[in-house]
Amino acid sequence: MPALQPARGTQDILPEAMRRHRAVIDTARIVAARYGYEEMATPIFEFTEVFARPIGEATDIVAKEMYTFADRGGEEITLRPEYTAGIVRAVISNGLTQNLPIKFFACGPMFRYERPQKGRFRQFHQIDVELIGAGTPEADVEMIALGADTLAELGVLGHCELQLNTLGDADSRQAYRAALVDYFSAHRHGLSEDSLRRLERNPLRILDSKDAGDVAVNAAAPSFDSYLTEAARDFFATVCRGLTALGVTYRLNPRLVRGLDYYCHTAFEFVTEQLGAQGTVLGGGRYDGLMKLMGGPDVPGIGWAAGVERLALLIAAPPVPPRPIAMIALGDAGEGKAMTVAHELRRAGFTVDQAYSGNLSRRMKRANKIAARAAVILGDDELARGSAAVRDLDTGEQIEVPLAQLKDRLAPFR
RNA sequence: GCGGGUGUAGCUCAGUUGGUUAGAGCGCCAGAUUGUGAUUCUGGAUGUCGUCGGUUCGAAUCCGAUCACUCGCCCCA
């Protein structure tokens, strides 16, 4: 309603923030490429059922956080709240399952109607990687190692702890879920209101509740361990061994669960304490049943997503952009000449800024403000001699150079 | 969706128990320097005191609502 401010939970990304944003995404893309992940993108909006079914009708994301609307043709459309479902849909749509495994890197904006908070927005950006068509634990190890490498390359791995858990296979989870429902139902008097609701929808979620009463009840809750099938236990053990072999340290967290229904087996999160309540910086897991659930072949998958804004808050200042050369024109003749000279310099690869207004003093001030490395001054005097004044803005040294030699003489300032 | 805190210039903030012309620093603009930037000096501009309503002779100050931000809950990257 108030006109001149961005919609709640959205934000303008101004140049300084954008450099951080870019640093995060570019670094992640490079690391993913080392692992053989290729960049791709899916639409920002999809038919609602692409997200509703796989994520889970009962999850908060689907039940109350999706930006869903009917378009002008009456189609039910949703702005993507996460990337995995869209990518899996794309794999099915394009028949990409002929040549497995496939490895994708993607990034872009996501949308969830949530209450904004530090590190939590209604429009936010994620980096996402998916490994589709590899069902062995080695794939899990690769995926987690890729996450750790990405954080390491960003210089934030030291501030993060990798938490690891298994959600087992379908049989394990069904048995465990039943056991949890029994246990929590018997202790429902000790549970918080939120958890009573979870008991209906997603009992596993009670395990990571922060409520003091819930924590007490959780202490004696049955552990997943005794409900894991032999196969699921072996799978997880292999993942853990693989991580250790690669020197990726982790902490087992039996309370770590996933909010989206399609996850199974390995679940992991890199968590930091430096961001307050929104501490998860990168999280993911295995989703073997997802593609089949969405109407495709029964192909396993695993992936993770990382929050760009959260990482951007953690990284050190990104490298500053290249310093420009300030083209300073004086008088009509100089203005005209400066245009063509600047054009030539840019085509030769120089970064050149022009201000187009103000006297010499004014333009020098601007040159200084934008951290220009050098100023090229074109006034009537210089033009008469077919030359330009070149001033080194760091040393204050100024020389006059013939226009024909300008590119060469500016070389030290690129 | 629920609870706590905050909201004064572009930015960071001050504004005493309600008292009439609302301040500082930084930044911005201009001049000293009519063809030379960073320092310095001098001068200048800028606010619907988040918004709406109420109490009062009088509100930036008190009350209510609302919006936004923020910290938790929830959710999650």
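No experiment lies behind these values; they were computed from the predicted model shown. Each chain gets a letter, A, B and so on, in the order the sequences are listed, and its residues count up from 1.
- Distances from the side chain of A:Arg115 to the nucleotides B:C76, B:G3, B:G35 place B:G3 closest.
- For RNA chain B, no neighbouring residue in residues 19-44 of chain A is found when judged by any heavy atom under 4.0 Å.
- With hydrogens and angles left out, the side chain of A:Gln398 and the base of B:U36 share a donor-acceptor pair within 3.5 Å.
- Of the charged side-chain nitrogens involved, at least one lies within less than 4.0 Å of a carboxylate oxygen, so that A:Asp353 and A:Arg366 count as a salt-bridged pair.
- Here the side chain of A:Ile377 is nearest to one of B:A77, B:C73, B:G35, namely B:G35.
- In terms of polar N and O atoms assigned as donor or acceptor, the side chain of A:Arg120 comes within less than 3.5 Å of the base of B:C74 in a complementary pairing.
- Relative to the side chain of A:Gln117, the nucleotides B:A77, B:A68, B:C71 differ in distance, and B:C71 lies closest.
- Each of B:C73, B:C75, B:G35 was ranked by its minimum atom distance to the side chain of A:Asp380; first place goes to B:G35.
- Separating the C1' atom of B:A9 from that of B:C29 is a span of 15 Å, rounded to the nearest Å.
- A salt bridge is absent between A:Glu382 and A:Lys337; no separation between the charged side-chain nitrogens and carboxylate oxygens falls under 4.0 Å.
- Annotation: ring-ring contact (aromatic ring centres under 6.0 Å, His included) contacts of A:His187 (sequence neighbours excluded): A:Tyr183.
- The A:Met364 side chain lies nearest to B:U36 when the options are B:A68, B:U36, B:G35.
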